[in-house]
Novice: 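Sharing a structure, written as structure tokens. Questions coming.
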Amino acid sequence: MSEGIVRFYGLPEGRFTAGQIADFQVASGPFWKKDSWQVHFLRVDDEARLYESMEKGGMFKSWHHILKIEQVGDHCVLNESIEFDAGFL
């Protein structure tokens, strides 16, 4: 989905689980500067197709992220909620 727009470096192997903390780097164009990023997975619910995380990195002080995928007829809809604290920005 983000191929060519965002690059990830050092992502952990396998599936994420609730309680897991992942530290990695993220780079986005046009100059592809790597920023440290940390994700604390609060909820990972495969049955509900939902995950919730608290993240920090880049220019954001914190980032609360909820992502849910819902089946609608013969296709899926991605619902995403992001609340961020930009710090002094």
Novice: Apply side-chain contact (heavy atoms from CB on, under 4.5 Å) to residues V44 and T17 and explain how you reach the verdict.
Specialist: CA-CA 6 Å; V44 178; T17 58; 5.6 Å; no
Novice: Go through the structure and list residues passing side-chain hydrogen bond (donor to acceptor under 3.5 Å, both in side chains) with W37, not counting sequence neighbours.
Specialist: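 Residues passing side-chain hydrogen bond (donor to acceptor under 3.5 Å, both in side chains) with W37: E55.
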Novice: Does K33 have any salt bridge (Lys or Arg N to Asp or Glu O under 4.0 Å) partners at least two apart in sequence or in another chain, and if so, which?
Specialist: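 K33 satisfies salt bridge (Lys or Arg N to Asp or Glu O under 4.0 Å) with D35 only.
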Novice: Checking D74 now: which residues fulfil side chain to side chain contact (heavy atoms under 4.5 Å, CB included) with it, not counting sequence neighbours?
Specialist: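 Side chain to side chain contact (heavy atoms under 4.5 Å, CB included) check on D74 returns nothing, list empty.
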Novice: For a 4.5 angstrom cut-off between non-hydrogen side-chain atoms, does R15 reach D46?
Specialist: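 With C-beta onward as the side chain, the pair touches.
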Novice: Set out, in order, the CA-CA distance, both residues' side-chain angles and the distance that settles side-chain contact (heavy atoms from CB on, under 4.5 Å) for R49 and L67, then state yes or no.
Specialist: CA-CA 8 Å; R49 297 179 177 177; L67 186 142; over 6 Å; no
Novice: Linking Ile, Leu, Val, Met, Phe, Trp and Tyr through side-chain heavy atoms less than 4.5 Å apart, which residues share a cluster with M54?
Specialist: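 ILVMFWY cluster around M54 also holds L42.
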Novice: How would you list, by chain and number, every residue that makes a side-chain hydrogen bond (donor to acceptor under 3.5 Å, both in side chains) with Q25, sequence neighbours excluded?
Specialist: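 Expected list: none.
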Novice: Is it true that a side-chain atom of K56 and a backbone atom of W63 form a donor plus acceptor pair closer than 3.5 Å?
Specialist: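 No.
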Novice: Do L50 and L78 sit in one hydrophobic cluster, given that two such residues count as connected whenever their side-chain heavy atoms are within less than 4.5 Å of each other, even indirectly?
Specialist: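 In one cluster: no.
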Novice: May I ask you to test the E70-N79 pair for a side-chain heavy-atom distance under 4.5 Å?
Specialist: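 In contact.
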Novice: Walk me through it: do I21 and V39 pass the test side-chain contact (heavy atoms from CB on, under 4.5 Å)?
Specialist: CA-CA 6 Å; I21 296 175; V39 178; over 6 Å; no
Novice: Looking at every heavy atom in both F16 and L11, which two are closest together, and how far apart are they?
Specialist: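 That would be CZ-CD2, 4.5 Å.
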Novice: With sequence neighbours excluded, what pairs up with R43 under the side-chain hydrogen bond (donor to acceptor under 3.5 Å, both in side chains) test?
Specialist: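 Result, side-chain hydrogen bond (donor to acceptor under 3.5 Å, both in side chains) vs R43: E52.
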Novice: Taking E80 for the side chain and I82 for the main chain, is one N or O donor matched with an acceptor at less than 3.5 Å?
Specialist: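 Pair absent, no side-chain N/O of E80 close to backbone of I82.
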Novice: Given the ring of F84, does K61 sit roughly above its face, with NZ or CZ under 6.0 Å from the centre of the six-membered ring and within 45° of the axis?
Specialist: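 Verdict for F84: no cation-pi partner in K61.
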Novice: Centres of the F24 and Y9 rings: under 6.0 Å?
Specialist: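 Between Y9 and F24, which both carry aromatic rings, the centre distance is not below 6.0 Å.
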Novice: Quick one: pull up OG in S53 and CD in Q20 and give me the separation to the nearest 0.5 Å.
Specialist: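 S53 atom OG to Q20 atom CD measures 11.5 Å (nearest 0.5 Å).
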Novice: List the steps, then state whether ring-ring contact (aromatic ring centres under 6.0 Å, His included) holds for Y51 with F41.
Specialist: CA-CA 7 Å; Y51 93 38; F41 291 91; 5.8 Å; yes
